[in-house]
Number of protein chains: 2
Amino acid sequence: MQNYNVLVVDDEKEILEAIEIYLKSEGVTVLKAKDGIEALEIVHENEIHLILLDIMMPRLDGIAATYKIREKKNIPIIMLSAKSEDTDKILGLQVGADDYITKPFNPMELVARVKSQLRRYVTFGTFNGGKKVIDLNGLVIDQDAKQVTVHGEIVKLTPIEYKIVELLMTNAGRVFSIDEIYERVWNEPNYNAENTVAVHIRKIREKIEIDPKNPRYLKVVWGIGYKMEK
Amino acid sequence: MQNYNVLVVDDEKEILEAIEIYLKSEGVTVLKAKDGIEALEIVHENEIHLILLDIMMPRLDGIAATYKIREKKNIPIIMLSAKSEDTDKILGLQVGADDYITKPFNPMELVARVKSQLRRYVTFGTFNGGKKVIDLNGLVIDQDAKQVTVHGEIVKLTPIEYKIVELLMTNAGRVFSIDEIYERVWNEPNYNAENTVAVHIRKIREKIEIDPKNPRYLKVVWGIGYKMEK
DNA sequence: AAAATTCTTAAGAATTTCTTAAGATGTGAT
DNA sequence: ATCACATCTTAAGAAATTCTTAAGAATTTT
């Protein structure tokens with residue numbers, strides 16, 4: 001990850017410094033700005049490969065800054081926001097952000113997402129989004145279209161159902177415990193040990209399986225969890 | 001959750017001990033420190049996989065300790081703090097922590113969050129090189145799929161059976177006493193010295209051996225224990 | 001306000017785990 | 001070599017756990 005210049009924009013000094021520490025440990029060069037105006041200046045004066053952009057900032061906020069930046073340059077942008085408000089998320093991505101992280105964030109996750117964006121930058125040059133389609137014996141997921149089909153038939157999944165299917169299909173063959181599924185779909189641990197996941201599994205089977213009682217795709221591994229057949 | 005070292009840092013002895021009890025029941029190894037300075041020493045002298053860090057501590061507080069630790073190592077950190085503490089301060093420092101728990105906390109929640117972070121650590125930590133497949137003369141274990149095959153044939157193991165096989169296969173050649181097997185699979189000592197392990201061994205042999213009476217893979221070492229042939 | 005989605009609860013079905021006890025086998029002492 | 005003893009193997013059924021399913025309540029979206 002050397003030879004990359006990442007611009008971090010946030011009005012909170014602690015956050016700026018914390019992010020700097022994580023990214024420097026990965027070998028990237030870190031530039032800092034405390035608001036959108038400053039960020040624009042730095043973007044015009046330097047070769048920036050990626051921008052980490054806080055949404056809430058004085059003077060010029062993250063969304064406005066994104067517009068301004070994208071008018072001139074096509075640099076990958078990862079949005080940061082204090083709350084996990086889905087409205088922010090949608091707005092941020094619509095506006096042209098490539099990824100989105102909510103505060104408080106996991107430093108390792110931040111690093112992983114930054115690396116992921118930088119890799120993409122290298123391979124594609126511009127943001128493009130490769131076709132992400134997986135076909136498992138007739139069960140097909142299109143991650144761009146967020147659509148699942150069984151032998152060509154469109155399966156109408158709810159958002160949670162889709163997320164579970166996506167998790168299992170992108171890791172086909174791997175077994176996920178109920179706790180793991182909950183955590184990765186809901187983004188928080190499930191310490192009440194409710195039956196929620198099991199019910200969703202049932203609903204998904206109803207939609208993707210010919211015979212939900214003898215599932216062909218979504219298999220249980222007794223005492224361990226569920227997996228999607230490879 | 002075996003083979004993990006968790007460092008708990010708190011100046012209150014009762015809390016330290018309570019947390020130790022909860023975590024040990026999950027099979028993790030617990031190390032303790034009563035302030036940030038002590039914590040730093042332990043971090044540098046041991047392989048720590050996760051840190052539970054109180055914010056309010058004498059000498060070196062949690063925030064400062066986080067910075068110091070993160071300068072050198074990228075270990076997941078879960079912050080502990082009383083609800084009454086300054087929210088602004090908390091918000092600022094959340095950036096450096098991977099998760100955050102307020103006191104008084106629900107033990108189950110604490111355990112769930114610790115497990116969650118450790119899982120994440122594993123996935124991020126072992127990243128790519130982690131093809132977890134072992135082949136011992138045709139007996140193959142896939143630790144992602146939680147699946148065992150003998151010469152391509154899938155062996156349907158129960159969770160306990162799987163765990164025993166996993167233990168023996170990942171330590172092929174090493175002999176484990178019955179007590180050792182019990183402890184590592186059940187996460188607790190076997191007080192009553194029942195016949196449980198032996199029965200499971202029998203069941204496993206029935207499934208993985210051609211002739212269970214003359215086992216090729218799962219061998220007994222008289223008076224000592226069992227091992228998987230390398 | 002209606003519709004869709006998500007969550008909770010609980011009962012029963014399926015599967016696994018444990019206990020018991022009797023038989024088989026290996027070991028060391030004589 | 002044989003015996004006594006400890007260790008291991010095996011079978012069967014009872015107990016416990018885990019999964020499936022349905023129905024309706026709570027919440028969110030349209």
Take the protein atom NZ of B:Lys219 and the nucleotide atom P of D:dC8, then report the distance between them rounded to whole Å. 16 Å
Give a yes/no answer on whether the side chain of B:Trp186 brings an N or O atom under 4.0 Å of OP1 or OP2 in C:dT17. no
Below 4.0 angstrom from OP1 or OP2 of C:dT6, is there any side-chain N or O of A:Thr158? yes
At a heavy-atom distance below 4.0 Å, what parts of residues 159-175 of chain B sit against DNA chain C? B:Pro159, B:Ile160
Does a side-chain N or O of B:Thr196 approach OP1 or OP2 of C:dT19 to a distance below 4.0 Å, or not? yes
Under 3.5 Å: donor-acceptor pair, side chain of B:Asn5, backbone of B:Glu47: yes
Only counting residues at least two apart or in another chain, list the ones meeting salt bridge (Lys or Arg N to Asp or Glu O under 4.0 Å) with A:Lys34. A:Glu38
Among all residues two or more places apart in sequence or in another chain, which pass the salt bridge (Lys or Arg N to Asp or Glu O under 4.0 Å) test with B:Glu20? B:Lys24, B:Lys32
Do A:Asp135 and A:Val133 make a side-chain contact, defined as non-hydrogen atoms from C-beta onward lying under 4.5 Å apart? no
To the nearest angstrom, the CD1-C1' distance between A:Ile178 and C:dC7 comes to 14 Å
Quick one: salt bridge (Lys or Arg N to Asp or Glu O under 4.0 Å) partners of B:Glu229, sequence neighbours excluded? B:Lys219, B:Lys227
Does any residue of residues 222-230 of chain A have a heavy atom under 4.0 Å from DNA chain D, and if so, which ones, in number order? A:Trp222, A:Gly223, A:Ile224, A:Tyr226
Contacts of A:Trp222 that satisfy ring pair (Phe, Tyr, Trp, His ring centres under 6.0 Å) - sequence neighbours left out: none
Tell me which residues in residues 197-215 of chain A lie within less than 4.0 Å of DNA chain C, going by non-hydrogen atoms. A:Val199, A:His200
Would you say B:Asn46's side chain and B:Ile48's backbone share a donor-acceptor pair under 3.5 angstrom? no
Return all side-chain donor-acceptor pairs below 3.5 angstrom for residues 164-172 of chain A, not counting sequence neighbours, or 'none' if the list is empty.
residue: A:Glu166; atom: OE2; partner: A:Tyr162; partner atom: OH; Å: 3.0
residue: A:Thr170; atom: OG1; partner: A:Glu166; partner atom: O; Å: 2.7
residue: A:Thr170; atom: OG1; partner: A:Leu167; partner atom: O; Å: 3.2
residue: A:Asn171; atom: ND2; partner: A:Leu167; partner atom: O; Å: 2.9

If you go through the side-chain atoms of A:Asn195, does one of them form a donor-acceptor pair with the base of C:dT8 closer than 3.5 Å? no
Test of understanding: with salt bridge (Lys or Arg N to Asp or Glu O under 4.0 Å), list the residues that count as partners of B:Glu180, not counting sequence neighbours. B:Arg174
From CG (B:Asp99) to CD (B:Glu109), nearest 0.5 Å: 8.0 Å
Which pairs, with at least one residue in residues 192-206 of chain A and sequence neighbours excluded, count as a salt bridge (charged side-chain N to carboxylate O under 4.0 Å, His left out)? A:Arg202-A:Glu206
For the residue pair B:His49 and B:Tyr4, does the interplanar ring angle fall in the parallel (under 30°), tilted (30 to 60°) or perpendicular (over 60°) class? perpendicular
List for me each residue that meets side-chain contact (heavy atoms from CB on, under 4.5 Å) alongside B:Asn137, sequence neighbours excluded, and say none if there are none. B:Arg216, B:Tyr217
Starting at atom OH of A:Tyr182, determine the distance to atom C1' of C:dT8, rounded to an integer number of angstrom. 12 Å
Provide a list of protein-nucleic acid N or O atom pairs under 3.5 angstrom, restricted to nucleotides 28-30 of chain C.
none

